[in-house]
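These notes concern the structure reproduced below.
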Amino acid sequence: MKETRRCFPVTLESWGWSRQGHVRADNQDSFVNWAEHLLWAVADGVGGSEYGGMASKAIARVLLDIPRPQSLDAHVANVTGRLSRTNVALYRQGQATGNLALSTVVTLLIHGSEASCLWAGDSRCYIFRNGVLYQCTHDHTLRQEKIDRGELTAPEARRMVRGNIITNAIGATPALRLDQARFTLRAGDRFLLCSDGLFNLLSPGALSISLMKATAKESVEHIAAMLDDLPQNDNITFIAVFLSNLD
């Protein structure tokens with residue numbers, strides 16, 4: 001799915017892609033590719049149940065109701081407010097029915113020459129700048145918590161059984177915790193938002209090679225082609241956002 005938009009002072013192109021994995025009965029990922037409102041998001045339903053898919057779709061629906069931003073602060077406040085209300089609704093529904101409806105989320109918001117990334121869970125946002133791939137987000141997983149506390153090294157944590165257990169998600173607690181990264185944009189910046197189904201299969205080096213392509217469309221097609229011959233135990237969703245100009 002393509003979105004191209006001239007949004008002063010940013011010229012950009014974005015493409016989104018999603019595929020059901022080889023194991024799951026359905027695709028519980030959702031994404032929003034909305035260049036007109038300078039908003040992109042990936043949500044990944046947690047737990048492998050139909051309720052996770054319902055939660056990710058609920059997130060996408062509320063984000064598609066976001067008004068055009070007047071400032072980055074307003075953009076962040078609008079998204080945070082809608083995600084917080086969705087969190088409460090999903091949490092209350094889960095408590096009432098016993099069927100937890102949880103989802104990760106990662107969003108990229110742009111206004112002017114500034115950007116913000118908001119997230120809960122382990123869906124990620126990367127920025128590719130001057131030939132180097134940086135991870136903007138910090139996973140909310142049991143594995144990452146062990147690393148942060150110094151209990152395990154990164155190589156040790158990668159061998160953890162069930163290390164990918166999510167420690168923060170939409171719908172998990174009465175009050176939502178969203179982490180935020182904020183930064184100034186540069187001409188030529190390229191972003192990749194994705195569910196864990198992607199980064200668990202492709203290395204940072206492989207993602208970097210794809211983000212070197214001339215356009216966001218070519219980048220997405222290159223990543224999709226690399227996935228074709230790999231076993232896909234999870235659903236895979238990603239969005240490429242390429243900034244071609246800053247006035």
Side-chain angles (χ1 to χ4, degrees), residues 1-8 10 12-18 26-46 50-97 99-112 114-121 123-125 136-137 140 168-182 191-195 216 235 237-241:
M1 179 186 297
K2 178 185 179 182
E3 290 278 358
T4 305
R5 182 70 178 175
R6 170 67 173 165
C7 301
F8 184 81
V10 179
L12 57 84
E13 176 206 7
S14 61
W15 279 78
W17 188 95
S18 187
D26 58 358
N27 189 348
Q28 296 165 10
D29 292 355
S30 300
F31 72 92
V32 174
N33 178 23
W34 200 8
E36 184 178 13
H37 281 205
L38 298 168
L39 168 64
W40 301 266
V42 169
D44 179 359
V46 176
E50 61 179 297
Y51 303 103
M54 181 190 71
S56 77
K57 289 179 177 62
I59 291 168
R61 282 196 302 270
V62 299
L63 291 179
L64 286 170
D65 190 40
I66 296 291
R68 188 184 300 275
Q70 299 303 310
S71 67
L72 185 58
D73 286 340
H75 209 5
V76 170
N78 287 333
V79 170
T80 299
R82 281 162 174 75
L83 291 179
S84 294
R85 289 192 288 275
T86 303
N87 176 79
V88 170
L90 292 173
Y91 177 78
R92 288 177 176 172
Q93 176 181 316
Q95 295 301 301
T97 65
N99 298 315
L100 299 182
L102 313 178
S103 178
T104 71
V105 68
V106 60
T107 69
L108 174 66
L109 315 175
I110 290 177
H111 189 275
E114 300 292 317
S116 176
C117 181
L118 301 168
W119 74 95
S123 291
R124 291 180 178 176
C125 178
C136 304
T137 53
H140 298 149
N168 183 29
I170 305 288
T173 58
L176 175 63
R177 175 172 66 89
L178 284 175
D179 279 356
Q180 179 179 181
R182 195 158 173 163
F191 294 91
L192 180 69
L193 284 73
C194 63
S195 61
N235 304 312
T237 300
F238 55 95
I239 305 169
V241 183

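Note that CZ of F191 and SG of C136 are 6.0 Å apart. Values are rounded to the nearest 0.5 Å. Note that SG of C125 and CG of L118 are 10.5 Å apart. Values are rounded to the nearest 0.5 Å. With values rounded to the nearest 0.5 angstrom, L109 atom CG is found 11.0 Å from D73 atom CG. Note that CH2 of W40 and CD1 of I239 are 9.0 Å apart. Values are rounded to the nearest 0.5 Å. One finds the CG atom of L38 at 13.0 Å from the CD atom of E114 (value rounded to the nearest 0.5 Å). With rounding to the nearest 0.5 Å, the separation of NE2 in H37 from CG in D65 is 10.0 Å.
The nearest pair of heavy atoms linking A41 to L63 is CB-CD1, 3.5 Å. Considering all non-hydrogen atoms of both residues, F31 and W17 come closest at CZ-N, 4.0 Å. Of all heavy-atom pairs spanning G121 and T104, the tightest one is CA-CG2, 3.9 Å. The shortest non-hydrogen separation linking V88 to P174 is CG2-O, 3.8 Å. Closest heavy-atom contact between C194 and V106: O-CG1, 4.5 Å. Of all heavy-atom pairs spanning A60 and S30, the tightest one is CB-CB, 4.1 Å.
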Check residues 89-97 and write down every donor-acceptor pair under 3.5 Å in which the side-chain atom is one partner and the other belongs to a residue at least two apart or another chain.
{"unit_1": "T97", "atom_1": "OG1", "unit_2": "Q93", "atom_2": "O", "d": "2.8"}
{"unit_1": "T97", "atom_1": "OG1", "unit_2": "N99", "atom_2": "N", "d": "3.2"}

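Although no hydrogens or angles enter the test, the distance criterion places no donor-acceptor pair under 3.5 Å between the side chain of H111 and the main chain of H75. With hydrogens and angles ignored, the 3.5 Å screen pairs no side-chain donor or acceptor of R124 with any backbone N or O of L192.
The closest side-chain heavy-atom distance from N235 to S195 is not below 4.5 Å. Looking only at side-chain heavy atoms (C-beta outward), V32 and T107 stay at 4.5 Å or farther from each other.
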Next on the checklist: side chain to side chain contact (heavy atoms under 4.5 Å, CB included) for C117 and T137? Distances and angles first, verdict last.
Outcome noted: CA-CA 8 Å; C117 181; T137 53; 3.5 Å; yes

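Qualifying side chain to side chain donor-acceptor pair (under 3.5 Å) partners for S103, counting only residues two or more places apart in sequence or in other chains: none. The salt bridge (charged side-chain N to carboxylate O under 4.0 Å, His left out) search around R61 returns none, not counting sequence neighbours. Partners of T237 according to the side chain to side chain donor-acceptor pair (under 3.5 Å) rule, which considers only residues two or more places apart in sequence or in another chain, are S18, D29.
The salt bridge (charged side-chain N to carboxylate O under 4.0 Å, His left out) analysis of residues 169-179, with sequence neighbours excluded, yields the pairs R177-D179. Pairs passing the side-chain hydrogen bond (donor to acceptor under 3.5 Å, both in side chains) check and including a residue from residues 77-87, sequence neighbours excluded, do not occur.
Side-chain N/O atoms of S123 and D44 include no donor and acceptor closer than 3.5 Å.
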